Protein chains: 2
Amino acid sequence: MADSEEAYLQIGEVAERTGVTQRTLRFYEEKGLLRPPTRMDGGFRLYCEDDVRRVKHVRRLQDLLGLTLAEIKDMVEAEEMLRELKAQYRPDADVSEKKRQLRKAIDVVTHQHNIVSQKAEQMSEMKTQLDERLRTFSRWMTELERVERKAPVA
Amino acid sequence: MADSEEAYLQIGEVAERTGVTQRTLRFYEEKGLLRPPTRMDGGFRLYCEDDVRRVKHVRRLQDLLGLTLAEIKDMVEAEEMLRELKAQYRPDADVSEKKRQLRKAIDVVTHQHNIVSQKAEQMSEMKTQLDERLRTFSRWMTELERVERKAPVA
DNA sequence: CATAACCTTGACGTAGGGGTAAAGCGTGGC
DNA sequence: GCCACGCTTTACCCCTACGTCAAGGTTATG
């Protein structure tokens with residue numbers, strides 16, 4: 001322990017910190033949404049902080065946007081490509097390929113942005129309706145209580 | 001035809017108008033989310049306008065709020081109770097029971113309101129992040145194009 | 001070294017449907 | 001009256017995204 005600077009995490013801790021189950025983590029790995037983590041000698045999975053972020057990201061795309069894991073996989077792969085692109089500090093290597101990858105990432109993010117915008121709008125619509133109903137119910141409740149005072153329990 | 005004033009709908013038309021499949025409509029019925037519709041002599045289902053509204057409502061709760069069908073069932077049942085309550089025009093009958101039902105409906109709507117509010121907030125957070133990323137990507141793209149002009153294809 | 005606490009793979013179950021088959025209804029044309 | 005054609009019926013298996021054991025291996029601790 002304290003072998004390298006990196007604090008490695010076992011699956012239980014990752015599960016706790018991300019709010020998903022261990023089963024889900026193994027499932028994501030199986031489906032290619034999480035890169036296979038390194039293992040201890042005994043076979044235990046060892047995750048890093050980046051994996052935690054990745055899981056949280058996947059969950060947001062699922063919960064907020066309602067995307068399927070297949071769609072999410074495409075997205076995180078495009079985003080991963082982008083990260084590699086950033087890491088490549090050779091400034092001259094194949095610019096057109098870089099442009100292609102960047103364009104792909106832009107497409108993905110734009111798509112996400114469109115979905116968020118649309119859903120956000122529907123949400124605010126729904127919120128308005130719910131507000132209205134709550135006010136109506138509140139009036140009814142007041143009315144019921146008024147009736148109750150005028151004619152107490154039979 | 002033109003027998004009664006009510007325009008009854010077959011499953012195909014309901015499917016088209018709600019955007020769900022016929023399979024889904026039968027599934028919802030099976031799960032108790034839709035009250036079993038009346039049938040023609042031959043067994044064909046006959047829906048009414050109210051059923052259409054109901055399906056759309058269920059879908060909003062699913063897509064926007066991400067609720068399970070079991071949760072949604074509870075909600076629509078509470079809302080149904082409320083509609084019956086509204087229809088009972090005997091103003092004196094069992095006020096405390098009415099209050100109980102109304103309170104239940106208020107709970108349901110409040111719950112939905114909470115979820116919407118929470119999700120809406122997360123959405124706007126995500127939207128901000130996506131905006132930021134899009135701007136960054138746009139800068140990178142500009143930079144790549146600048147590099148390309150200075151050193152054309154090798 | 002024993003024991004608890006953690007982890008492994010594997011298999012089966014469940015929710016929310018999709019697809020398709022094989023059959024039955026309904027209605028207009030002749 | 002009968003046929004063709006489209007719509008509907010139930011029934012069955014397939015899929016995704018996991019939940020839930022079961023049976024056993026690993027690691028940390030006294």
Side-chain angles (χ1 to χ4, degrees), chain A residues 1-3 7-34 36-48 51-52 54-76, chain B residues 1-3 7-48 51-52 54-77:
Chain A
M1 49 217 76
D3 192 354
Y8 282 97
L9 307 161
Q10 284 186 210
I11 196 169
E13 202 165 343
V14 175
E16 199 173 338
R17 286 182 44 186
T18 57
V20 308
T21 66
Q22 304 185 9
R23 177 70 177 82
T24 298
L25 292 173
R26 296 191 191 102
F27 184 72
Y28 285 176
E29 179 183 340
E30 191 184 327
K31 291 297 171 181
L33 277 117
L34 246 47
T38 57
R39 305 268 190 146
M40 296 168 55
D41 285 1
F44 287 20
R45 287 171 178 78
L46 285 178
Y47 296 92
C48 62
D51 293 323
V52 174
R54 184 100 158 221
V55 173
K56 287 182 178 173
H57 184 203
V58 168
R59 287 264 100 179
R60 268 207 315 280
L61 294 178
Q62 254 193 304
D63 298 345
L64 254 56
L65 305 195
L67 304 174
T68 68
L69 293 191
E71 294 169 322
I72 295 174
K73 190 188 172 193
D74 289 349
M75 292 187 173
V76 295
Chain B
M1 48 218 73
D3 194 355
Y8 282 97
L9 307 161
Q10 284 187 211
I11 196 168
E13 202 164 344
V14 175
E16 200 174 337
R17 286 183 44 187
T18 56
V20 308
T21 65
Q22 305 184 8
R23 177 72 179 77
T24 299
L25 291 173
R26 298 192 190 101
F27 183 72
Y28 284 176
E29 178 184 341
E30 192 184 326
K31 290 298 172 181
L33 277 117
L34 248 44
R35 125 247 107 169
T38 58
R39 304 268 189 145
M40 297 167 56
D41 285 2
F44 287 19
R45 288 171 177 78
L46 285 178
Y47 297 93
C48 62
D51 292 323
V52 174
R54 185 99 156 223
V55 172
K56 287 181 179 174
H57 184 204
V58 168
R59 286 264 101 179
R60 268 207 314 280
L61 294 178
Q62 251 193 306
D63 297 344
L64 253 57
L65 305 195
L67 304 174
T68 69
L69 292 190
E71 293 169 321
I72 294 174
K73 190 187 172 192
D74 290 348
M75 292 186 174
V76 296
E77 275 171 1

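In what follows, every chain begins at residue 1, and chains take the letters A, B, ... in the order their sequences are listed. Just so you know, these numbers come straight off a predicted model, no measurement behind them.
In this structure, B:L61 places its CG atom 19 Å from P of C:dA15, rounding to the nearest Å. Between A:L69 atom CG and D:dC15 atom P the separation is 16 Å, expressed in whole Å. As a whole-Å value, the separation of B:L33 CG from C:dG17 C1' is 13 Å. As a whole-Å value, the separation of A:L67 CG from D:dA17 P is 11 Å. Between A:L34 atom CG and D:dA17 atom P there is a gap of 15 Å when expressed in whole angstrom units. As a whole-Å value, the separation of B:D63 CG from C:dG16 P is 13 Å. D:dT26 atom P lies 15 Å from atom CG of A:L46, rounded to whole Å. Between the CZ atom of B:F27 and the C1' atom of D:dC12 there is a distance of 15 Å, given to the nearest Å.
Listed nucleotides: C:dG16, D:dC18, C:dG17. Nearest to the side chain of A:Y28: D:dC18. If you check C:dG17, D:dG19, C:dG26 against the side chain of B:D41, the one that comes closest is C:dG26.
Remark: A:T24 is in phosphate contact with D:dG19, judged by side-chain N or O atoms under 4.0 Å from OP1 or OP2. Residue B:T21 places at least one side-chain N or O closer than 4.0 Å to OP1 or OP2 of C:dG18.
Under the 3.5 Å distance criterion, the side-chain polar atoms of B:T24 are left unmatched by any main-chain donor or acceptor of B:V20. For B:D74 (side chain) and B:E71 (main-chain N/O), no donor-acceptor pair under 3.5 Å exists by modelled atom type. No donor-acceptor pair closer than 3.5 Å links the side chain of B:T18 to the backbone N or O of B:V55.
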Check against side-chain contact (heavy atoms from CB on, under 4.5 Å), B:F27 and B:L33: CA-CA 9 Å; B:F27 183 72; B:L33 277 117; over 6 Å; no
Between A:Y47 and A:V52, does a side-chain contact (heavy atoms from CB on, under 4.5 Å) hold up when you go through it step by step? CA-CA 8 Å; A:Y47 296 92; A:V52 174; 5.7 Å; no
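Checked for salt-bridge contact, B:E29 and B:R45 meet the test: a charged N lies under 4.0 Å from a carboxylate O.
Between A:M40 and A:R23, the residue anchored nearer the 5' end of DNA chain D, judged by the nucleotide with its closest heavy atom, is A:R23.
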All N/O contacts under 3.5 Å from nucleotides 3-9 of chain C to the protein, with atom names and distances to one decimal?
residue, atom, partner, partner atom, Å
C:dC6, O3', A:Q10, NE2, 3.4
C:dC7, OP1, A:Q10, NE2, 3.2
C:dC7, OP1, A:G12, N, 2.8
C:dC7, OP2, A:Q22, NE2, 3.0
C:dT8, OP1, A:R45, N, 2.8
C:dT8, OP1, A:R45, NH1, 2.9
C:dT8, OP2, A:R26, NE, 3.3
C:dT8, OP2, A:R26, NH2, 2.8
C:dT9, OP1, A:R39, NH1, 3.4
C:dT9, OP1, A:R39, NH2, 3.1
C:dT9, OP1, A:R45, NH2, 3.4
C:dT9, OP2, A:R45, NH1, 2.9
C:dT9, OP2, A:R45, NH2, 2.9

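Counting heavy atoms from C-beta on, the side chains of B:T21 and B:L25 never come closer than 4.5 Å.
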